[in-house]
Amino acid sequence: MPEASSQRPVPALYTGALYVVATPIGHLGDISHRALAVLQGASRILAEDTRHSQKLLQHYGIDRPLVSLHEHNERQRIDRITEWLAAGETLALISDAGTPLISDPGYPLVAALVESGHRVVPVPGANAAVAALSVAGLPTDRFQFCGFAPVKAGARRTFLERLLAYTGTSVIYEAPRRIIDTLALLAELAPQRPLVLARELTKQFETVLRGSAQSVLQQVQADSDQCRGEMVLLIGGAEPQDQPSDRVDPDDLLLTLAGLLPPKQAAGEAARLLGVSKNLLYQRLLALRDDTR
Ligand code: SAM
């Protein structure tokens with residue numbers, strides 16, 4: 001096994017293994033001694049954007065061959081990577097920021113390597129979702145991470161309606177150009193729900209806004225700087241009374257609403273109350289109607 005160079009004791013690296021290495025989400029100091037040792041000791045570093053990662057590696061005096069691995073070439077690269085591992089190489093995977101695979105490339109590769117019995121080793125570190133949770137002041141005993149909100153307005157509404165039905169804290173990533181729309185939707189659907197918007201974490205303009213959906217929307221509308229940079233949005237959990245009751249039979253609800261409203265509207269209302277996809281309920285309503293004919 002190759003030895004990584006460092007003044008600290010460094011464990012020998014596995015050969016024929018892929019190390020999944022977390023890198024900083026802003027502050028360059030947020031990288032572990034072990035991550036640096038693994039990067040130094042790897043025979044190649046697979047990087048989402050080699051030019052971007054070069055800056056981090058140069059900062060730490062690490063000079064290893066870089067191979068690009070991003071969402072558009074990742075599947076084609078799997079065979080080659082498997083050959084390198086079979087030849088006894090030690091590989092490291094990094095993304096532009098934070099933990100690879102978390103809203104970042106790497107999943108097809110890791111899934112393929114797990115399937116083919118290769119060793120995959122985590123080197124944990126920065127992650128924007130967990131960093132945001134750690135300072136949000138929202139419950140952390142149960143949370144769900146849902147990645148980026150869908151771009152299309154209809155899909156985004158359904159996505160947020162589902163999150164709003166969850167009783168733990170929901171964590172999502174959002175693009176600056178869509179944050180106002182997302183906050184406005186949340187303020188419409190659940191104006192009093194606690195939200196936290198964590199922006200530019202670990203960087204110079206780090207800001208954490210807290211308040212009800214309505215208040216966070218107003219804070220962002222009042223200061224255009226709050227729409228800049230990278231951001232994590234956290235949504236406080238639903239109170240039990242906001243939850244669809246277990247005693248409500250979804251079919252009964254659908255049929256009752258369908259007696260009062262046109263079918264698509266009935267499915268939409270039921271979707272909102274049950275936190276289930278409107279399309280799914282619409283199809284279910286059509287099936288129920290077929291059954292009763
Ligand atoms: N793999 C990364 C991780 O572990 O967090 C996430 C990569 S994803 C492509 C990039 C998104 O993560 C950004 O759009 C933003 O939502 C969030 N993010 C990354 N760095 C951040 C930071 N410093 N502050 C707030 N959010 C950040």
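When a ligand or atom number is given, it counts from 1 through the structure's own listing order. Note that the numbering runs from 1 along the sequence shown for the chain.
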Ligand 1 to [X] polar contact by distance, N or O atoms, under 3.5 Å:
X: T202; value: no
X: R199; value: no
X: A97; value: yes
X: D104; value: yes
X: A129; value: no
X: F148; value: no
X: N127; value: yes
X: P100; value: no
X: A198; value: no
X: I25; value: yes

Point-to-point distance, once rounded to the nearest 0.5 Å, from CG of D141 to OG1 of T169: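 Output value for this atom pair is 7.5 Å.
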
Under 4.0 Å from any heavy atom of [X], which atoms of ligand 1 are there?
X: K203; value: 23 (N)
X: G98; value: 3 (C), 4 (O)
X: T99; value: 1 (N), 3 (C), 4 (O)

Shortest non-hydrogen separation from S32 to P124 and the atoms involved: OG-O, 4.4 Å

Nearest non-hydrogen partners of L217 and A187, listed with the distance: CD2-CB, 3.9 Å

Verdict with supporting geometry, S68 and N73, side chain to side chain donor-acceptor pair (under 3.5 Å): CA-CA 8 Å; S68 83; N73 71 1; 3.2 Å; yes

Basic-acidic side-chain contact under 4.0 Å: [X], [Y]:
X: E206; Y: K203; result: no
X: R199; Y: E230; result: no
X: E269; Y: R272; result: yes
X: R228; Y: D225; result: yes

Cationic tip of R34 above Y19 ring, under 6.0 Å, 45° of axis: no

Identity and distance of the protein heavy atom lying nearest [atom]:
atom: atom 24 (N) of ligand 1; value: L201 N, 2.9 Å
atom: atom 6 (C) of ligand 1; value: I102 O, 3.4 Å
atom: atom 9 (C) of ligand 1; value: S103 O, 3.1 Å
atom: atom 18 (N) of ligand 1; value: A128 CB, 3.4 Å
atom: atom 5 (O) of ligand 1; value: Y173 OH, 2.7 Å
atom: atom 16 (O) of ligand 1; value: M231 O, 2.6 Å
atom: atom 25 (C) of ligand 1; value: E230 O, 3.3 Å

R119 side chain to G16 backbone, donor-acceptor under 3.5 Å: no

Main-chain N/O of A42 paired to R64 side chain as donor or acceptor, under 3.5 Å: yes

Output field: ring centroids Y166/F143 closer than 6.0 Å: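 Centroid distance Y166-F143: not below 6.0 Å, so no.
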
